[in-house]
Structures are given as structure tokens and as C-alpha cells.
Amino acid sequence: MLTERISDALREATAALGVHDARFRLDRPRETGHGDLATNVAMALASRLRRPPREIAQELKNRLGGIDGVERIEIAGPGFLNFFLGAAAVGDAVHRVLAAAGDFGRNDDGQGRSVMVEFVSANPTGPLHLGHGRQAALGDAIARLLAWSGWRVHREFYFNDAGGQILRLARSVRARYQQLLGHDEPVPEDGYQGEYVLEIAAGLLDRFGRGFEHDLSAGALEEMRQLAVRILRAGQEEDLAAFNVHFDEYYPETRLYSEGRVKETIRALDGTGLTYRKDGAAWLRTSRFGDQKDRVMVKSDGSPTYFLPDVAYHMTKWERGFQHVINVQGSDHHSTVDRVRAGLQALDRPPGYPEYVLHQMVTVERGGQEVRFSKRAGSYTTLAELVAEVGADVARYFFLMRRPEAHLAFDLDLALDQSDRNPVYKVQYAHARLCRLFKLAGDRGWDAGPEALADADTELLADPVEREVVKQLAEFPGFLRRAATGRAPHLICDYLEKTAGLVNSWYQSGHPTRDPALSTLVADPALRTARMALAGAARTVLKNGLAVLGINAPDRMVRDVAGSP
RNA sequence: GCGCCCGUAGCUCAGCUGGAUAGAGCAUCGGCCUUCUAAGCCGAGGGUCCCAGGUUCGAGUCCUGGCGGGCGUGCCA
């Protein structure tokens, strides 16, 4: 590839100046007047060589000589070397995209290694809320990015199916159940008030009839717990399926106990000599590993804190062969990061294990005001309600378009807008529009199949707008790699929006009222085929980019005409 | 108090290992449907990159100290 040839030539030239480990950038400048590629290498070397950057640039330029595909090199500004490429070299990128097709953008950074992405991990105490939605979109997109980068990805969902919260849920169900039988038993103060608790109680009545009337036994409560967990898990599963998110494995906390892993972990931690007793509780010296203070493992009442199963759980991840683990969590859990890592370090796992992606919370705004439109959950907006309102594609894109660590204000007005203001539709429509070109070409009997496009003379793509589109397409693999290594799907959103904008601009430039000579489907077969090749490459990139985000790329857009005359 | 995150255009936000005149969308204003093409395009205005120092050829980006906001700081999860 041309960028690599230029990089190599630059390395060779800097070596001749005595610098063998030069670090520099070679990328597309913002201004087209600054060429197709630019490097800062002369400035980067200036202090080491104790010479003015422009002088170094001149010498490098002299040493570079001819590079196939480079038309000319200019020295500009403080000492940039700007490369201007020939049309053939630019056009080559179109063929690279077409040849790779559905795989364009992939890399092999992962080299087939395994990585686990744990996300959502909602407890079965109610329907999924918007924070879970952001996490579902984020975790799934990160998983997809890693899969595109050569990793073997395992998606895992952990849930706490025992513990205090579940007990409160079971008691709430019991109260609702007794209420359905006409008894006056109030939902506990610390119980769950949402409407869905009533639905579970109704399910209980359905299944067991009056079997638990006045039954306050532990056995009855356990029955209720199990049923509640099953129903709520199934409900969450429905919500996730509607959101197009699927997991490879579900790990219940109770399994850590039933398989003796919690006890095993206590034993292992005791064996390190880093535990001690104080105030009737068992503590671990997590402060030895950077935690702010030591943590309780086993409470004075003999029960473990959540810290212990957390450590046990992460040990299973390691033992199951995952030396690379990414946990996606809300930033309200950030205090667990240091302590879990400390617990794992005590057991000789490496310091940064596991990796965390923490995201800020989500609010929904309509007309600039925060809204909560939940009917079922009472206190919060559910993911299912949002997806029903705006659709899975829009919801996903909106959850992904901000950096995880930034607060997300979900603009419902914009999400519901089916016009050009909505970035999701803008990208999808650009894709659909290109598909339309292929259909029209087919209708006219023009060959725009893969073989015809492979023979296209892309050197004919000489218009500045066309060149811009081509160069933008060529940047997709770089964006994908950056998004994957940075766990930053929002970069793909930015990229897609920019790409769709350029594609639309190109497409529109041939509008009959502007310059029909720039139309894609011109009479000249060679030019037409070259432009169809560009259309095909752009369609591929938009489709692949949306796929990485888990968003559909429709061949045609169906306009929802509700409200139109 | 301490820890983590955030502070960039009227609004929502991008900005790669520090690079050229800080970008996008929305909003505002002006223009373009005789069509392969308007869920679109062309153009205009809009900035104390929170503040103050520092590092250097060069800082929105790195360092120090403030200010403002969010989250956490539990033998809750």
C-alpha cells in the first residue's frame, strides 16, 4: 500500500540522517491544499538533530527521490512534508475495498486470542433500564470491534440471583400475591414497587393457585424467589433480543456457591497471609494493592460481602482461559474496580486485570426537559419502552455516539425525527441511496457486477469530490483499529456520519440541476463503471461500519408517513 | 475531606502517539426539486477550548495549582 511505501521511504531517509527509531505521523491533512498525505517527521526530528525543521524537511525530500504513485512533495508551514498523489494511486483504494468487500476493515491484532466482554449483568430485580441499554449497546459494539480485530470474543452476562436485593424482591412478590388473594399485606418499605411485581404475583397465582395463602415460610419464599428470577430474566432476555444483543454465557452468582468457589476463594486468600480479623469480620489487605482501604470479605454475621463472590467470579474467568477480560459497567460501580483488582492481585493475577470500561449515566430529554415515561417500572424509563418508541437501530446509535465516560443526554425529539437531522437515518439513507444506483443500473442493462467493477479504471475518478470520498473510504480500517483498541465505538459513529456526508455530497454533485456531467450513471461506459465502483466501495464501507455497531443497513428506506397528509 | 470522570460554537458533542487557519450535527439566515438523486445538497454567520502558571520549535491535547458539575467514598449491590 502506498502509505506503507511512503512510511518505509521516510524511515530509510531518516536513517540516513542518523535516526533509526524515528517516530512520526503520516496522515490525511484537514486541508486539501496540504496534499493527500502529510508527515511531521522533520519537526519531530528537529530537537534531536538540533537543526531547523524546514532544513531537515528539505534534506529528507531530496533523499526520498521518486515514490511510485507520488506526483510531488512540498515543504510547507513549520516543516511539514506534503505528498500529492496521482489519481491512479488514489483510485487503487476503491479496488482494495471492493476486493475485501464484507471483510474490508478487518485486522488481525487479536491473532485469534480469546477475550471476554462482560456487560449488562443486570440483577433480576426488574426490567432493564436505560443505563443497561447504553451498556448493552456499548458492550456489544466493543465485542464486535474486537471480533473485527481478530479476537475470539465471548459475551458474558453475570447476575446476582441470591443476596439481599433478591430477598427484598421475593418479599415484595409475596406481599402482592397475598394482596391478590384479598389480604392486607403491604409491600415492604425497602421492597420493589414497580408494576411488574404485580405481574409476577399474578404468575405465581396462575401456577400455584392459593397454595401459598398465608404461607410465610422460607420454603414458600424460596419458590417465589425462583419464579421471580426466572420471569424477570426471561423478560430481560426479551428486551435484549429486541435490542439485537445476545450472549454466549449467563453466569449466576449462586453457581459460585454451589460449586464451592466462594469457600475456595476464602481459603486461597487466607493462604496468602494477607487476611486478618477485626470487629468480628474477616478482612483482606487490599490497600497493599492500591485500594484506598482494606475490605471486609466475611461480615461479622458470617455471610460474605459481594466482594468475595466478585473475586471468585473473576478467578473463574481466568481459569476458563480468559487472560483478556473487559468489564463494561456504569461508573457508579467504579469503587469496585480497585478492590476487585486488589483481591485478584492477592491471588497472583496481574495488576491491571480485568480491564474496565466505565460509562456515565443516561437521561432522556424531550423539548430540553428530562422525561421519565415508564409505565411498568415506576421510577425509571425502561429499555423496552425506549426501543418500542424509537426503534433498536436509533437507540443503539444514540447510545454509542458519545464517549462512554461522557454523560449521555438522549434527545428524544431528535431520535424520533425521521428527517435529515437524525444521524442514524442520514447514514442509512446514504447506504440505501447507493443501493438504488445499482438497481437503476441493472434496470438499464448496465453491468455493475463484481467482475465489471474489478476492471473499472478508477483513475478516472479525478473530480475533487470523488477523491475526497475515496480517501475517506480508505481510512475506515484505521478508524476501526483505533475504535477497537480504545474501546471507543463512538469513533465509528463520527466516521460514518462524515462518510455519509461526503457520499451525499458526491451523489448530489451530479444532480441534473447542478452538473449532470458528474452523474454516476453517465453514458460513457468507462466513466460510469468507475463511478459505480466508487458507489460500490462506499456502500461496502457504510454497511461494514453499521455492522460493527450492530445496526442494520437497509437497501431501501421505508418512510413512516404517519402524520403526513 | 479523599478518589475517579467531565468542562471545546446558542445546544449536543468530536478532536488519534502534542502539529498547519480548532471541527461536525442541530439551531439561525440565504439559495437549489424539468431529476439516476431532496430523509439530500450548496453557502453564511457564530469560539476567552473553565481559570492561572509551567514544559517546547509548537499545547484543546502533557505537568502543577485552582474553579464548576457528575459519581463514588458501606460489614449495600
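So you know, we letter chains A, B, ... as the sequences are listed, proteins then strands, and number each from 1.
Across the strands present, G68(B) finds its partner in C6(B); the criterion is a Watson-Crick or G-U wobble pair with both atom distances under 3.5 angstrom. Pair assignment for A59(B) gives none, since no Watson-Crick or G-U wobble pairing has each distance under 3.5 Å. A 3.5 Å limit on both hydrogen-bonding distances identifies no Watson-Crick or G-U partner for G74(B). A27(B) is unpaired under the Watson-Crick or G-U wobble criterion, no partner having all donor-acceptor distances under 3.5 Å. The pairing partner recorded for A22(B) is none, the criterion being a Watson-Crick or G-U wobble arrangement whose two distances lie under 3.5 angstrom.
Rounded to a whole Å, the CG atom of D417(A) is 18 Å from the P atom of U12(B). Whole-Å rounding puts the M557(A) CE to A38(B) C1' distance at 14 Å. When the C1' atom of C5(B) is taken as reference, atom CD of Q329(A) falls 15 Å away, rounded to whole Å. Atom CG in D301(A) sits roughly 14 Å away from atom C1' in G74(B) (whole-Å rounding). When the P atom of U12(B) is taken as reference, atom CD of E365(A) falls 8 Å away, rounded to whole Å. If you measure from atom NZ of K299(A) to atom C1' of G74(B), you get 10 Å, rounded to the nearest angstrom. Whole-Å rounding puts the L358(A) CG to C71(B) C1' distance at 10 Å. In this structure, R134(A) atom CZ and G70(B) atom C1' are separated by 13 Å, rounded to whole Å.
Between Q508(A) and P516(A), the one whose closest nucleotide on RNA chain B sits nearer the 5' end is P516(A). Taking for each of D27(A) and A409(A) the nucleotide of RNA chain B with the nearest heavy atom, the 5'-most of the two is the partner of A409(A).
Stacking of the aromatic ring of H34(A) onto the base of A20(B) is found: the ring centres lie under 5.5 Å apart and the planes are inclined by under 30°. Residue ring and nucleobase are stacked for F80(A) and A20(B), with a centre distance beneath 5.5 angstrom and an angle between planes beneath 30°.
Remark: R402(A) is not in phosphate contact with C6(B), judged by side-chain N or O atoms under 4.0 Å from OP1 or OP2. Regarding contacts with the backbone of C42(B), a side-chain N or O of S505(A) is found under 4.0 angstrom from either OP1 or OP2. The side chain of R433(A) places no N or O atom within less than 4.0 Å of a non-bridging phosphate oxygen (OP1 or OP2) of A39(B). An OP1 or OP2 oxygen of G25(B) is reached within less than 4.0 angstrom by no side-chain nitrogen or oxygen of K498(A). Between R514(A) and C42(B) there is no side-chain polar atom (N or O) within less than 4.0 angstrom of OP1 or OP2. Side-chain N/O atoms of R30(A) include one lying less than 4.0 angstrom from OP1 or OP2 on G23(B). The side chain of R25(A) contributes no N or O atom lying less than 4.0 Å from OP1 or OP2 of C16(B).
Taking atom P in both C16(B) and C6(B), one finds a spacing of 13 Å when rounded to whole Å. With both ends at atom P, the span from U61(B) to G15(B) equals 14 Å, rounded to whole Å. Comparing the C1' positions of A59(B) and A52(B) gives an interatomic distance of 15 Å, to the nearest angstrom. Between the P atoms of G18(B) and C63(B), the separation comes to 11 Å (whole Å). Rounded to the nearest Å, the gap between the P atom of A27(B) and that of G1(B) is 42 Å. Comparing the P positions of A44(B) and G7(B) gives a spacing of 29 Å, expressed to the nearest Å. Annotation: G23(B) and G19(B) have their C1' atoms spaced 16 Å apart (nearest Å). Using atom P as the reference point in both A22(B) and C26(B), the two lie 22 Å apart (nearest Å).
The residues K498(A) and D494(A) are annotated as not salt-bridged, no charged nitrogen and carboxylate oxygen being separated by less than 4.0 angstrom. Salt-bridge check for E468(A) with R28(A): passed, with a basic side-chain N closer than 4.0 Å to an acidic carboxylate O. A salt bridge is absent between K61(A) and E74(A); no separation between the charged side-chain nitrogens and carboxylate oxygens falls under 4.0 Å.
Within 3.5 Å, a donor on the side chain of N82(A) pairs with an acceptor on the base of A20(B), or the reverse. Residue side chain H334(A) reaches the base of C71(B) through a donor-acceptor N/O pair under 3.5 Å, judged by distance alone. Between the side chain of Y429(A) and the base of A39(B), no donor-acceptor pair of N or O atoms lies under 3.5 Å. Put simply, the side chain of S300(A) and the base of C75(B) share a donor and an acceptor less than 3.5 Å apart.
The residue A281(A) sits close to a base: some heavy atom pair falls under 4.0 Å. Counting non-hydrogen atoms under 4.0 angstrom, R436(A) reaches nothing in the nucleic acid. Backbone-only contact: K293(A) has heavy atoms under 4.0 Å from sugar-phosphate atoms and none from a base. At the heavy-atom level, L491(A) lies under 4.0 Å from the strands shown only through sugar-phosphate atoms. Looking at heavy-atom distances under 4.0 Å, A44(A) makes contact with a base. If you check every strand for non-hydrogen atoms under 4.0 Å, H333(A) touches a base. Looking at heavy-atom distances under 4.0 Å, A76(A) makes contact with a base. As judged by a 4.0 angstrom heavy-atom cut-off over every strand, N40(A) is placed among the base-contacting residues. Nucleic acid contact for A38(A): base, since at least one base atom lies under 4.0 Å from a heavy atom of the residue.
Of the possible polar contacts, one joining the H314(A) side chain to the D310(A) backbone as a donor-acceptor pair under 3.5 Å is found.
Once rounded to the nearest 0.5 Å, the distance linking CG of L81(A) with CG of L37(A) reads 11.5 Å.
Set against G70(B), A39(B), A14(B), the side chain of D494(A) has A14(B) as its closest nucleotide. The side chain of E31(A) has U21(B) as its nearest neighbour among C6(B), A39(B), U21(B). Minimum atom distance to the side chain of V296(A) is reached by C75(B), of the listed G19(B), C75(B), C41(B). Comparing G72(B), G15(B), A39(B) by their closest approach to the side chain of H490(A) singles out G15(B).
Centroid-to-centroid, the aromatic rings of Y250(A) and Y158(A) stay 6.0 Å apart or farther. In this structure, F157(A) has its ring center at least 6.0 angstrom away from the ring center of Y251(A).
The aromatic rings of F476(A) and Y495(A) sit tilted, their planes meeting at an angle between 30° and 60°. Using a 30° and 60° split on the angle between ring planes, W283(A) and Y276(A) fall in the parallel class, below 30°.
Side chains of N160(A) and E253(A): a donor-acceptor N/O pair is present below 3.5 angstrom, by distance only.
By the rule that a glycosidic angle within 90° of 0 means syn, C32(B) does not qualify and counts as anti.
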